[in-house]
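First up is the structure itself, then whatever we jot down about it.
All chains are named by letter (A, B, ...) in the order of the sequence lines, taking the proteins before the strands, and each is independently numbered beginning at 1. Atoms considered below: every heavy atom in the structure, side chains included; atoms not considered: hydrogens, waters and symmetry mates.
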Number of protein chains: 2
Amino acid sequence: MNRSPHSRAAAPSPTFSPLYRQIKDLILKSLEAGEWQPGDAIPSESELAVRFNVSQGTVRKAIDEMAAENLLVRRQGKGTFVATHSDPRSFFRFLRLVPNEGELLPSKSVPLECGRARAGADVARMLGLEPGAPIIIMRRLLKLGEEAVVFDEIYLPGELFQDLSLDILRQSEKSLYDLFESRYGVRMIRAEERLRAVAAEGVAAELLHVEEGSPLLLVERVAFTYGNKPVEWRRGFYATRDFHYFNELA
Amino acid sequence: MNRSPHSRAAAPSPTFSPLYRQIKDLILKSLEAGEWQPGDAIPSESELAVRFNVSQGTVRKAIDEMAAENLLVRRQGKGTFVATHSDPRSFFRFLRLVPNEGELLPSKSVPLECGRARAGADVARMLGLEPGAPIIIMRRLLKLGEEAVVFDEIYLPGELFQDLSLDILRQSEKSLYDLFESRYGVRMIRAEERLRAVAAEGVAAELLHVEEGSPLLLVERVAFTYGNKPVEWRRGFYATRDFHYFNELA
DNA sequence: TTATATCTTTTATAAGACAAAAGACGGAAC
DNA sequence: GTTCCGTCTTTTGTCTTATAAAAGATATAA
């Protein structure tokens, strides 16, 4: 390890990086390698300090950054835990849809189709695959309360989700990302969304119970796992009569 | 000041707050009071440490949080500066609109109307005013490159923007928030946006050169200044044929 | 005049000492 | 036997001190 600047003598380290950032990379690597499972506690700050031969404060600063990135969750007196999609309070939500008025309703995912195909140029580009690589295409409806609000088309790299099928989707009680995490070990860390207004047509109009040509919110999402690797591309049509997309600019 | 826990003896301090958070509040107060102007450097960490009689590290932690909230900007070796809308790289952008392809185009604001009125129930609620309080209503077009992309209706509390007029808007070269900051001392810190897809109608359709009934992205925004005080309500119609709303979920 | 050290001021990093929070455990009270 | 309450241990959180790196300004030498 590059233990500069304090102990450096001859090697000015061409790619200098402060100690806490090196520690962060090491912890990240362990996380990525699955040394600690989602929801588990990682070793205490002082244990890690001994293991890496640095002070507790330095480990702390590394963990600080990872907590800010929602990779870890701290709880005073208890420990530091690997963030998980199975715990809604611990992992941030990706769904930004809220009702125009009233309380947040329980959401329910209704899988419609799930099949295998080969990546076309667009999907390949979005997922960083070769054109023709095996992919999974899934369609589903998202209901909030009794109302069908979102129609999603979801594209996944086939290699990472070997046995994913309509049956498995139907049997799962969990959220999609929770399933991906627990069954396939694929953890969604961050995502980028691109929003447009489009006219409803075909299946989407029908499933969402809106007129052909009426306005829908189109949300395209690329979700990334560790190392900024894209592992999901999704196109969602949102009916925004009773709900809206909420965003905080901070 | 509540200097616990280190120096506390008798007073367990019913509303305990760590030292660095108290320091943060003090710095915030100075900022709010205008002790340092946007773009100016604030005193160095060691100066502030002397002033508040704490260590540099404690001041540092206070400033860390404020930098994370985009209130201050640090530059190693130079100092810490008050964020300003006049410096695009220093202050975060509120405009999330990017071209579907190609480079980010220069944007130009075209003011259409600016008049005074009394707050109706909705505006009053959004801006935290009494119904009937004086407000300013402004309409404008936002062009990206040559194309008219956004039609905005903007509502402001009349009290804070005394002499704002169409003339002033027309003469200003700056962005709207830069003008608000430099001329009226009102700094937008954060904002909440609510997005929907709607059908184009009337003036909006005409100005944005789209068919009546074609889909538009409706973006409603409440912008806040210090102390979470709402000071702008805005309703924007976005034409999303060549542009989209970009959002990062982190 | 131009390049190059050197000094000063600033933020950034690292380590160490100690406090607060949360539970676990064990003994006293009932 | 069960409940309550202190005490001990383990964990994250706070605060200070010392020192390094970054950026300019200033002086110096070619």
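- Following rounding to the nearest Å, B/Glu45 (CD) and C/dT13 (P) show an atom-to-atom distance of 11 Å.
- With distances taken from any side-chain atom of A/Pro18 to the nucleotides D/dT17, C/dT13, D/dT11, the minimum falls on C/dT13.
- The CZ atom of B/Phe81 sits 12 Å away from the P atom of D/dA23 (whole-angstrom rounding).
- Closest to the side chain of A/Lys78, out of D/dT12, D/dT16, C/dG23, is C/dG23.
- In the set C/dA14, D/dT12, C/dT11, the nucleotide with an atom closest to the side chain of A/Ser55 is C/dA14.
- Atom P of nucleotide C/dT13 and atom CZ of A/Arg60 are separated by 16 Å, given to the nearest angstrom.
- Under the 6.0 Å distance and 45° angle rule, B/Arg196 does not count as a cation-pi partner of A/Tyr245.
- Note on B/Thr80: only backbone sugar-phosphate atoms sit closer than 4.0 angstrom, heavy atoms only; bases stay farther off.
- By the 6.0 Å and 45° rule, A/Arg190 stacks over the aromatic ring of A/Phe224.
- Of all nucleotides listed (C/dT13, C/dT11, D/dC15), C/dT11 comes nearest to the side chain of B/Gln76.
- Look at CG on B/Leu19: it is 8 Å from C1' on D/dC15, rounded to the nearest Å.
- What separates CD1 of B/Ile23 from P of D/dC15 is a distance of 9 Å, to the nearest Å.
- Side-chain contact of A/Arg187 with A/Thr225: a donor-acceptor pair under 3.5 Å is absent, judged by distance alone.
- Separating the OH atom of A/Tyr20 from the P atom of D/dT19 is a distance of 21 Å, rounded to the nearest angstrom.
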Quiz prompt | Verdict with supporting geometry, B/Lys61 and B/Glu45, salt bridge (Lys or Arg N to Asp or Glu O under 4.0 Å) | solution = CA-CA 10 Å; B/Lys61 181 142 189 180; B/Glu45 294 179 355; over 6 Å; no
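- At D/dT16, one or more side-chain N or O atoms of B/Thr58 fall inside 4.0 Å of OP1 or OP2 (strictly under the cut-off).
- Rounding to whole angstrom units, NZ of residue B/Lys61 and P of C/dA19 are separated by 17 Å.
- As rounded to whole Å, 10 Å separates atom P of C/dG16 from atom CG of A/Asn53.
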Practice problem: Starting from the C-alpha separation in whole Å, work towards a yes-or-no answer on ring-ring contact (aromatic ring centres under 6.0 Å, His included) for A/Tyr238 and A/Phe243. | Solution: CA-CA 9 Å; A/Tyr238 291 41; A/Phe243 297 83; 10.0 Å; no
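- In this model, the phosphate group of D/dA22 is not approached by any side-chain N or O of B/Arg75 to a distance below 4.0 Å at OP1 or OP2.
- Closest-nucleotide positions on DNA chain C for B/Gly57 and B/Ile42 were compared, and the one nearer the 5' end corresponds to B/Ile42.
- Comparing B/Ile63 and A/Arg21 along DNA chain C, the residue whose closest nucleotide (by nearest heavy atom) sits nearer the 5' end is B/Ile63.
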